[in-house]
Structures are given as structure tokens and as C-alpha cells.
Q: 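Provided herewith is a single structure, encoded as C-alpha cells, for subsequent inquiry.
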Amino acid sequence: MSNEADRYDPAAVEQKWQAHWAEQGTNCFTQEELRNAPDPLYNLMMFPYPSAEGLHIGNIYAFTGADVHGRYWRLRGRTVFEPIGFDAFGIHSENYALKVGVNPNDLIPRNVANFTRQLKRIGGMFDWNHVVDTTQPEYYRWTQWVFLKLYEGGLVERREAPVNWCPSCMTVLANEQVISGLCERCDAQVEQRLLPQWFFKITRYAGRLLDNIEQLDWSDVTRKAQVNWIGRSEGAEIDFPVQGDADGTRIRVFTTRPDTLFGATYMVLAPEHPLVDRITTAAQREAVAAYRDEVARRDLVERRKTDKTKTGVFTGGYCSNPVNGEPVPVWIADYVLMDYGTGAIMAVPGHDERDFEFAQQFGLPVIRVIAASGEHADTPLDAAYDGDGQLVNSGRFDGLSVSDGKRAITDWLAAEGVAEARVNYRLHDWCVSRQRYWGPPIPIVHCDACGAVPVKESDLPVLLPYLEDFKPDDSGISPLARARDWYETACPECGAAARRETDVSDTFLDSAWYFMRYPSTDRDDVALDPEITRRWLPVDCYIGGNEHAVLHLLYSRFVTMAMNDLGIIDFEEPFSRFRAHGLIINEGAKMSKSRGNVIVPDTIIEEFGADTLRLYLMFLGPYEQGGDYRGQGIQGPHGFLGRLWQAVQSVSDEPADADVERKLHQTIKQVTAQLPELQYNTAIAAMMEYLNVVRAAGRTARRAEIEPLLILLAPFAPHIAEELYQQLGNDQGLFASARWPDYDEDKTREDTVEVAVQVNGKVRGKVTVAADADESAVVAAALGNDNVARFIEAKAIRKQIYVPGRVLNLVVG
RNA sequence: GCCCGGGUGGCGAAACUGGUAGACGCGCCAGACUCAAAAUCUGGUUCUGGCAACAGAGUGUCGGUUCGAUUCCGACCCCGGGCACCA
């Protein structure tokens, strides 16, 4: 039996093999190796933000799932590049630094060191020679370079824009960082401010970003989130002439419902619309000015609340409806947004819910122009109807369907020169300016003579100066303006005294291209080594949380597409395959610091070892759906590894038993099919089942039965797999020399099968027959079953259905 | 409101293209080993009835299609996530 020396000691095993892999450079590549790697597979996971708390169990879940995937393909013979890094710039880090009163320049390296220590303990096959830390000049130098390239490509623009301003963080937020009116980070109410900002023109790519989604091998949820975010809508822009305007001014609206044009009983402009002054009559001037002031004071978010009752003011002016010349009163209201479409709408209260509500509020007329079946032109409307039907009250277009009406009216107006078909997207340009300290300085110099001038590529990086006082204030100017020596510089163009741009760029820019940099980190003279980039990119498989389904993935796609267009790279989609992992919860409850139920990985690793933790996390539930971490549950995988260890201690050299061998081949088949699909929980169950068979009734495991199992298990529990593989007499190292076991289809087949026998659809007995038994033999066996016979009695069999090897249903009556 | 994802034993979960519901694991119960406990091992474990053989019920609810439905169709309820005045 076993003695103390034979006992499974995870700490010892894990230390031994981690040291071994590090010494051998098992998972690391040289530049030369990256250039020549055969059959490369780029296995990427979302790099973490190195918080002060250290690795979260959710990080470990994410990384382990990705690592299992990488290790699997490695054992299948691929050259797998699996890098890791740190997304360490940004408001997260800066706010934390402010809170604890430590400069981020000192704080972040400590966090990175701690993360590195923890990451090494979980046994991922990371290439520690190719780490990216976004806060290091060796990296952000090239982030600035990416900015300059997009700038040269005409994709960057500085413009004054109303922005979301968080009064607590004292910074501009992207729309995406405003969650139902509040700052996503501190929950403060967000306000509207007007500031000059740097924008990336992502909207230019809206169509392509949308169209490509179809061909991506991505999680369905993620693709849908992107589609919704881009928000394509098809319609028309239509000009409405302003009545009594000597210059023939027209107001252009965007609508997705040109078919309802005859029902447009008023128009609404966004309060900021440039034509408001022109159209407003003297009598209404005061009321309009007051309303515009009121709206301007409110933040962008409050304006977007739907439950709020509609407000607005009549301008006193009128336009003509281009289809019939009818006068249409022009209003302004804050439910129309300046930054979508043309900032003006034709209001059709009969068939648009919001317009209906507004019309009710202000007593404006409602006209029916669509009739559903059973309705006619005079059927009263007590709510907006936005369904299908036929056009009514629409002159010569009466009787057309909604879709035909759209086309017919658009075509006619287009021929008249007053409309054109048009597609709009909800996607906005990406504001990359941040009036903060902890980020890469935007590489621009402002010169009184030359304007905004890009820094010369050869002068990169624009180093982030060490600032003792990095706290932002509410001036809207970055703390960097206080670093005089840094701020005052010479114009790259004319050499005159000039000032540096003091905004830093959004963290999302750091993460929008980090995956391109990983394989090229050996080069400090270029951002991307062309040969290596061609070999390794795009990323073969990317795994991460679905909280980044929209922003990070969309920005990465945009930057990739732009760099492709600029001739820097030769692919336009960064991630061929993307899978979103689920969330880990704790005993049915979400984990959070405030609840005090956060699972600390270090203590679990100390008690059970990284292999057990990895195996347990992957066993909890379907990887793409997440799982419920229950403290007791870890005993399952823990016991499994212990039994495997014991089985190896007393392994025999006899050949594999035939029944066990069949089970082995079935197991190899299942695990091989499930690992690339990330179906980890069921693959692990299959291995457990197999070990139960190997050890059944106290039998001694045989070497030929165990060795293949070690390889199947190695992606999940790499340390113990290596150790036991070595104990079986292999001295080359499992990951260095083993290859994934093959299965033989013939050997997976059973000789006999159990067939369920149903009578009128209910199982009444089971019969065991030869696997190749024909239907008549199965029926004969079934009729020989006492219980089946009891239910058939003397009744005639009217019908029999036989599903080979599964079920026989006898219908009697 | 709209768009996703999900409701299966005491618990986490399985179930191929419509074919034996509950694999695997936790927990629990019983037994072995032990002075005892832990660890380990063996057996049992959907619910109800029955000593058992077996019978009845059962995959959120109601209805439908089918020889047969967790799986397909229709209506609805609940939980989780995302978007939200985008014309």
C-alpha cells in the first residue's frame, strides 16, 4: 500500500514542474523561433488590469479556460504562442492610486509584480519573454505611433463637442462609460460639457464593421451585441422647404418611414439645430431661447430618459410637406438628438410612439396613413400604430404596402430632387481624449503659427513625466499642463515656442492593438515585425469576458481595419475566433468586495494546488456559461487527482484489459471532440468516468490504460500530468515529447447494446442484444420479457418502431 | 419597451440529428478500516407507494404536433445580462 512518500503533494509537484518549464523555456520563444514556427497557433486571452487586490478567481477562470485550449493544441502538434500582459493605464489605476495616496508610477509596478507571481503559480503556458505592459514607454511609444498613423490617414480629428463629464472623476467619459446616467466607475451623475476633443472616425467604418460580423467565428451573443451597437437603419433624408423663406432654405430630416410622409403633421428640430434661429418667429423667440437654455443646462443623460414626459416649444415657423404642400409647424424638443441623423425629424404621431406622445401633450393633429387589415382610412387611432398594413390618406400611394410605399415615395421624391435614400448608424465617433494623468500623452504639439502638429515619429515616445501631484481638477485641463518643462516645447514644424497636448489617450486605445505587439516585443525599432506579424496574426483564438463584447472588441476591429487600409498590416479582422466565457458566482451569489464573498485563489492553491483549482473551475459548468463556485465541490476534482496518483503508484505492466480499452477509446474520442469546442465540464466528467472503470472493484491499473489518460488530462492539470508521466518512466517531459492519443473507431464499439422496450410509448422493460441484432431479433427478445408481455397481454401489435440500438416501441390496442 | 442567455433531483450539472431523463461531481444515508476521529474504501441516493418485483408522477406554466418531446410549434410566468427618446 501507499506510504507517506507516495502521497500526492501538489505544492512540491507544481514547484518542480514550473521550475522545469522555466529552465527549459518550454513555453517561451526567441525571435528566431517566432519567425520560423511551424503550424503556428496564436492563443490569446484578454490581458488583466493589475489591481491592487491581485488576481480574481474570475481572471483565473478566464485564463485557465484559454490555457486549456492552448495546451490542447500544443499536444496536437501546433506551435502555440500564448502571451500575457497588463492593461495598467487608465482611470481604474489612477483612481485607486489617488485613493491610497500612492503615485501610480510606484504603485503599478508593484501590482504587476504581484500579478506576475500569481500568474506563474496557476501554471499557464505563458511566454514570459513577450510580455506587454501598456504603461512602459517601450509599449506606449508604439501606441502613440498608432495614433500618428491614424492621424496621417485622416482618421483623427479634433473638434469641440458636448461630452459626458463626470464631476467626481473630473474627466470626460465615453458614451459607453455612462451607465444609465451615471459614471460607470463612481456612480456620480454625469453632466454635459463642451470641450475640444480628439476623435477617431470609427463611424466611417460602420458599414464594414457591421458587414464583416457575419463571417466571424465568434460567440453568437457577442456578434449580436456588436450588431446592436452599430445600429444600422435604412431610410431616407427628405427636404422640407421653409415657408416664407426668401433664400429657399430647406430643413432636412431623416426618417425610416418615408411611407408615412402624408401623416407628418409637425416637425421637430433638436434644440441645438443650427436652423432654429432662422426659423423662429419674433413672437416665439423668447420662449425658444428659454427652452434652449434649459436643455443646455441638463446633462446628456437626463435627456435620454424615456419615462420623462415630452417637452418642447413651437418656433412659430412652418415648412411645407413636400408631398402635398401642406403647412407643417416646426417645434423644437429635446427628444430629438442633434448627433443622430440630421438632428431633425418629421413627426408622424399616428405611427410613432414618441411623436404620438408629443402630439397628445401639445394637442397636435394625428392622421392615420397606415391601415392594418380590418381597418380603413377613418378608423380612429388611440395609440401609435407601427405595424404592417396598407397606405391610406396618402393620395395616389393609397393601397401600397408599407415596404412598397417606402420605396415608391422615396423614388418619387428623389426624382424631384428633394430626397435621397440613406443609411444611418447609431455608432458614434470614438472620443479618445482623457483629461487625466495616467495614460499615454497624445503625441501632438500646439503651435500658434502651425496649429496642431503631430510629433515626429523619431521623437517618440512622448514620455509621461513623473508628476508628484497628478490629481485632476475641474478646469477640464489635464494635470499634465502643470509639468512646465514638459508642457512647453518647440513646434516640430517651425521650431517656435509651442505647447504639448495635455490630454492622454483612452485606455481602450492601449488594448485595441496590444495583441499585435506581443509577438514583436523583441523589436524596439518597429512596432510590428513584418515577418512575424504575417506568420502569427490574426489571432486564431481569443477568449475573454463578454463585458468587452462591444467596446474593446469593436475598437480593436476598427484599429485593425484602419491599419490594414494604411498598408501596415495585411488583415482586416483581428480575431478569427472569439469565445466569451461565463461568469463565476459564489454559492449562487455574485462576488463583490462589498459583499465580502470574494474567493481568494492563493489560499485555495495552498490547500489543494493549482491543478485541482484549474480542474474544478473547468468542471463547474459549461465554460461559456460560467458556474457556481461552491467550497465543498472542490473535493470532487481533488479526490479524482488523488485516486489517479494512487493508481499510478501501483501500476502494472500487463496489457490493457479489453473492456477498459474500449472505454479508453470512447473517452479519447469524446475528449478530443469536446476540448476544441470548450466543452470542458463534460470532457472532465468523461475522464472521471474512465478512471472509475480503470479502478473498478479495486483492480490494479495498467500502464497502457493510464498513460493516455495523463495526456488527456494534461491541459487541465499540467503539473501532475507531467509528474505522473515521468513516474511511468518517460524522461522527456510530457509537453516536450508526448503527442495526443489517437482513438480507433472500431475499438469504441460495444458488442452488446441495451434496448429500451416501450409499450405505447412507456418503457416496460430492457433487453440486451448483440450490437448488430436485426429488428426481428430485438422484437423476439422484447416479447420474451415478462413485464413487456404483461402489458401487451393478448392485444395486437398495431405498429412497431425500432431505433437501432436504442429503443423499440410497440403500439398495441 | 427592445435584444440576448437561462429555468431539469437537496445542490453544481448531463442528455447525439425527436428515442431508456438525471451521466459526472457535491451533499446526504449505510457499511468497512480505526480505541475514536479525520482521511480512505464499498454500496445506496428524483419524488410518492411497496419488503420487493413493480406501479404512478416528474425537465418553469398552459396548450399543440408525434408511436415517442428536456429537445419541435403557439401563448405565458420567473431569473440573469445588455441596449434604451437613434426618428
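A note on names: the letters A, B, ... follow the listed sequences, proteins ahead of strands, and every chain is numbered from 1. Given the structure is predicted, the values throughout are model-derived calculations rather than measurements.
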Q: Can a side-chain donor-acceptor contact be found between A/Y802 and A/D774 if the only test is distance below 3.5 angstrom?
A: no
Q: Please state how far atom CE in A/M688 lies from atom C1' in B/rA23, giving the value in whole angstrom units.
A: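 Rounding to the nearest Å, CE of A/M688 and C1' of B/rA23 are 12 Å apart.
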Q: Restricting to nitrogen or oxygen on both sides, can you table the protein-nucleotides 27-30 of chain B pairs closer than 3.5 Å?
A:
from	atom 1	to	atom 2	distance (Å)
B/rG27	OP1	A/Q632	OE1	3.1

Q: Provide the distance between the two P atoms, one in B/rA87 and one in B/rG80, to the nearest whole Å.
A: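 Going atom to atom, P in each nucleotide, I get 29 Å.
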Q: From the options B/rG6, B/rC85, B/rA87, select the nucleotide whose nearest atom is closest to the side chain of A/D334.
A: B/rC85
Q: Pick base, sugar-phosphate or nothing for A/N787, based on heavy-atom distances below 4.0 Å to the nucleic acid.
A: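 The residue A/N787 makes sugar-phosphate contact but no base contact.
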Q: Considering every strand and a 4.0 Å limit on heavy-atom distances, what is the contact class for A/E754: base, sugar-phosphate, or nothing?
A: base
Q: Using a cut-off of 4.0 Å on non-hydrogen atoms, how would the nucleic acid contact of A/F619 be classed: base, sugar-phosphate, or nothing?
A: base
Q: Closest approach to the side chain of A/P622, judged atom by atom: which nucleotide of B/rC24, B/rA14, B/rC16 is it?
A: B/rA14
Q: When you compare B/rC29 with B/rA39, how far apart are their P atoms, in angstrom units rounded to a whole number?
A: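 Those two atoms are separated by 13 Å.
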Q: Quick one: which of B/rG25, B/rG5, B/rA87 gets closest to the side chain of A/F254?
A: B/rA87
Q: Please check the phosphate of B/rU20 (OP1 and OP2 only) for any side-chain N or O of A/R806 closer than 4.0 Å.
A: yes
Q: Tell me, with the steps shown, if A/F362 and A/Y266 meet ring pair (Phe, Tyr, Trp, His ring centres under 6.0 Å).
A: CA-CA 11 Å; A/F362 295 101; A/Y266 62 100; 8.8 Å; no
Q: In whole Å, I'd like the distance from the CD atom of A/Q625 to the C1' atom of B/rA14.
A: 12 Å
Q: Looking at A/K663, does any N or O in its side chain come under 4.0 Å of the phosphate oxygens OP1/OP2 on B/rA23?
A: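 For A/K663, the contact criterion (side-chain N or O under 4.0 Å from OP1 or OP2 of B/rA23) is not met.
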Q: Base, sugar-phosphate, or nothing: which does A/R422 touch, judged by heavy atoms less than 4.0 Å apart?
A: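 It contacts nothing in the nucleic acid.
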Q: Whole Å only: how far is the NZ atom of A/K766 from the C1' atom of B/rA21?
A: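 Distance, rounded to whole Å: 11 Å.
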Q: Could you tell me how far B/rG81 sits from B/rC85 if I compare only their C1' atoms? Round to whole Å.
A: 23 Å
Q: Could you tell me how far B/rC47 sits from B/rG22 if I compare only their C1' atoms? Round to whole Å.
A: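 Taking atom C1' in both B/rG22 and B/rC47, they lie 13 Å apart.
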Q: For B/rA69 versus B/rG74, give the span between their C1' atoms, rounded off to a whole number of Å.
A: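 Taking atom C1' in both B/rA69 and B/rG74, they lie 15 Å apart.
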Q: Looking at the angle O4'-C1'-N9-C4 for a purine or O4'-C1'-N1-C2 for a pyrimidine, is B/rG60 syn or anti, with syn meaning within 90° of 0?
A: anti
Q: Using the side chain to side chain contact (heavy atoms under 4.5 Å, CB included) criterion, which residues pair with A/V753? Sequence neighbours excluded.
A: A/V755, A/V769, A/A771
Q: Which residues pass the side chain to side chain contact (heavy atoms under 4.5 Å, CB included) test with A/H638, sequence neighbours left out?
A: A/F608, A/T612, A/Q635
Q: Evaluate the ring planes of A/Y623 and A/Y61, with Trp represented by its six-membered ring, and classify them as parallel (under 30°), tilted (30 to 60°) or perpendicular (over 60°).
A: tilted
Q: State which residues pass side chain to side chain contact (heavy atoms under 4.5 Å, CB included) with A/R232; sequence neighbours excluded, sorted by chain then number.
A: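 Scan of A/R232 (side chain to side chain contact (heavy atoms under 4.5 Å, CB included), adjacent residues dropped) gives A/L210, A/E234, A/V423, A/Y425.
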Q: Atom CD1 of A/I238 and atom P of B/rA87: how far apart are they, to the nearest Å?
A: 14 Å
Q: Would you kindly give the CZ-to-C1' distance between A/R7 and B/rA38, to the nearest whole Å?
A: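 From A/R7 CZ to B/rA38 C1': 11 Å.
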Q: Distance check needed: B/rU40 C1' versus A/H638 NE2, whole Å only.
A: 12 Å
Q: Quiz question: by atom type and distance under 3.5 Å, do the side chains of A/N424 and A/S233 form a donor-acceptor pair?
A: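 A/S233 and A/N424 do not have a side-chain donor-acceptor pair below 3.5 Å.
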Q: Can you tell me the pairing partner of B/rG5 across any strand shown, Watson-Crick or G-U wobble, with both distances under 3.5 angstrom?
A: B/rC79
Q: Is A/E237 paired with A/R252 through a side-chain N to carboxylate O contact shorter than 4.0 Å?
A: yes
Q: Across the strands shown, which category fits A/Y802 at heavy-atom distances under 4.0 angstrom: base, sugar-phosphate, nothing?
A: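 Result for A/Y802 = nothing.
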Q: Side chains of A/N321 and A/L261, heavy atoms from C-beta outward: is any pair under 4.5 Å?
A: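 SC-SC contact between A/N321 and A/L261 confirmed.
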Q: In terms of side-chain heavy atoms of A/W229, which of B/rC83, B/rC24, B/rA14 is nearest?
A: B/rC83
Q: When the distance from CZ of A/F791 to P of B/rC54 is rounded to whole Å, what number comes out?
A: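 Rounded to the whole Å, the gap is 10 Å.
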Q: What is the distance from CG of A/L620 to C1' of B/rA13, rounded to the nearest Å?
A: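 Computing the A/L620:CG to B/rA13:C1' distance gives 10 Å.
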Q: How far does the P atom of B/rC24 sit from the matching atom of B/rC73, given to the nearest Å?
A: 31 Å
Q: Quick one, A/L615 and A/L713 - any side-chain contact, counting heavy atoms below 4.5 Å?
A: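 A side-chain contact under 4.5 Å exists here.
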Q: Could you check which of B/rG81, B/rG56, B/rC85 has an atom nearest any side-chain atom of A/K590?
A: B/rG81
Q: Checking all strands, does A/N692 fall into the base, sugar-phosphate, or nothing category for heavy-atom contacts under 4.0 angstrom?
A: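 Since only primed, P, OP1 and OP2 atoms lie under 4.0 Å of A/N692, the category is sugar-phosphate.
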Q: Considering only atom C1', compute the distance from B/rG6 to B/rA13 and round it to an integer number of Å.
A: 13 Å
Q: Using a 4.0 Å heavy-atom cut-off, does A/R223 contact any base of the nucleic acid, only the sugar-phosphate backbone, or nothing at all?
A: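 If one applies the 4.0 Å heavy-atom cut-off, A/R223 turns out to touch nothing in the nucleic acid.
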Q: Of the candidate nucleotides B/rC24, B/rA15, B/rA87, which contains the atom at the shortest distance from the side chain of A/T682?
A: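 Output: B/rA15.
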Q: Could you tell me which residues satisfy ring pair (Phe, Tyr, Trp, His ring centres under 6.0 Å) with A/Y616, sequence neighbours excluded, listed by chain and number?
A: A/Y629
Q: Would you indicate what A/V221 reaches in the nucleic acid, counting non-hydrogen atoms under 4.0 angstrom: base, sugar-phosphate, or nothing?
A: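 Counting heavy atoms under 4.0 Å across all strands, the contact made by A/V221 is with sugar-phosphate only.
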Q: Hey, are A/R695 and A/Q646 close enough side-chain-wise for a donor-acceptor pair under 3.5 Å?
A: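 Side chains of A/Q646 and A/R695: no pair found under 3.5 Å.
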Q: Provide the distance between the two P atoms, one in B/rU20 and one in B/rG5, to the nearest whole Å.
A: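 Those two atoms are separated by 26 Å.
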Q: Should B/rA32 form a Watson-Crick or G-U wobble pair with both distances under 3.5 Å, which nucleotide is its partner?
A: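 B/rU40 is the nucleotide pairing with B/rA32.
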Q: Strictly by Watson-Crick or wobble contacts shorter than 3.5 Å, is anything paired with B/rC54, and which nucleotide is it?
A: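 Here B/rC54 is engaged in a pair, and the nucleotide opposite it is B/rG49.
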Q: What contact category does A/R643 fall into here, base, sugar-phosphate, or nothing, at under 4.0 angstrom with non-hydrogen atoms?
A: sugar-phosphate
Q: Using a distance-only test with no angle check, is there a side-chain donor-acceptor pair under 3.5 angstrom linking A/Y680 and A/T64?
A: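 A/Y680 vs A/T64: no donor-acceptor pair found between side chains.
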Q: Are OP1 or OP2 of B/rA55 and a side-chain N or O of A/R764 less than 4.0 angstrom apart?
A: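 Affirmative; the distance criterion is met.
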Q: Across all strands, who's sitting opposite B/rC67 as a Watson-Crick or G-U wobble pair, both distances under 3.5 Å?
A: B/rG19
Q: Do A/K310 and A/Y335 form a cation-pi contact, if we require the NZ or CZ to be under 6.0 Å from the six-membered ring centre and within 45 degrees of the ring's axis?
A: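 A/K310 over A/Y335 ring: yes.
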Q: Test for a donor-acceptor pair under 3.5 Å between the base of B/rC83 and the side chain of A/R426, counting only N and O atoms.
A: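 In this structure, the two groups form no donor-acceptor pair.
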Q: How is A/N681 classified with respect to the nucleic acid when contacts are heavy atoms under 4.0 Å: base, sugar-phosphate, or nothing?
A: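 Result for A/N681 = sugar-phosphate.
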Q: Does B/rC11 have a Watson-Crick or wobble mate here (both distances under 3.5 Å), and if so which one?
A: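 Paired with B/rC11, as far as the under-3.5 Å criterion goes, is B/rG25.
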Q: Hey, does A/R232 reach any base, or is it just sugar-phosphate, or nothing, if we go heavy atoms under 4.0 Å?
A: nothing
Q: Between the protein and nucleotides 63-69 of chain B, are there any N/O to N/O pairs under 3.5 Å, and if so, what are the atom names and distances?
A:
from	atom 1	to	atom 2	distance (Å)
B/rC67	O2'	A/N809	ND2	3.2
B/rC67	O2	A/N809	ND2	2.4

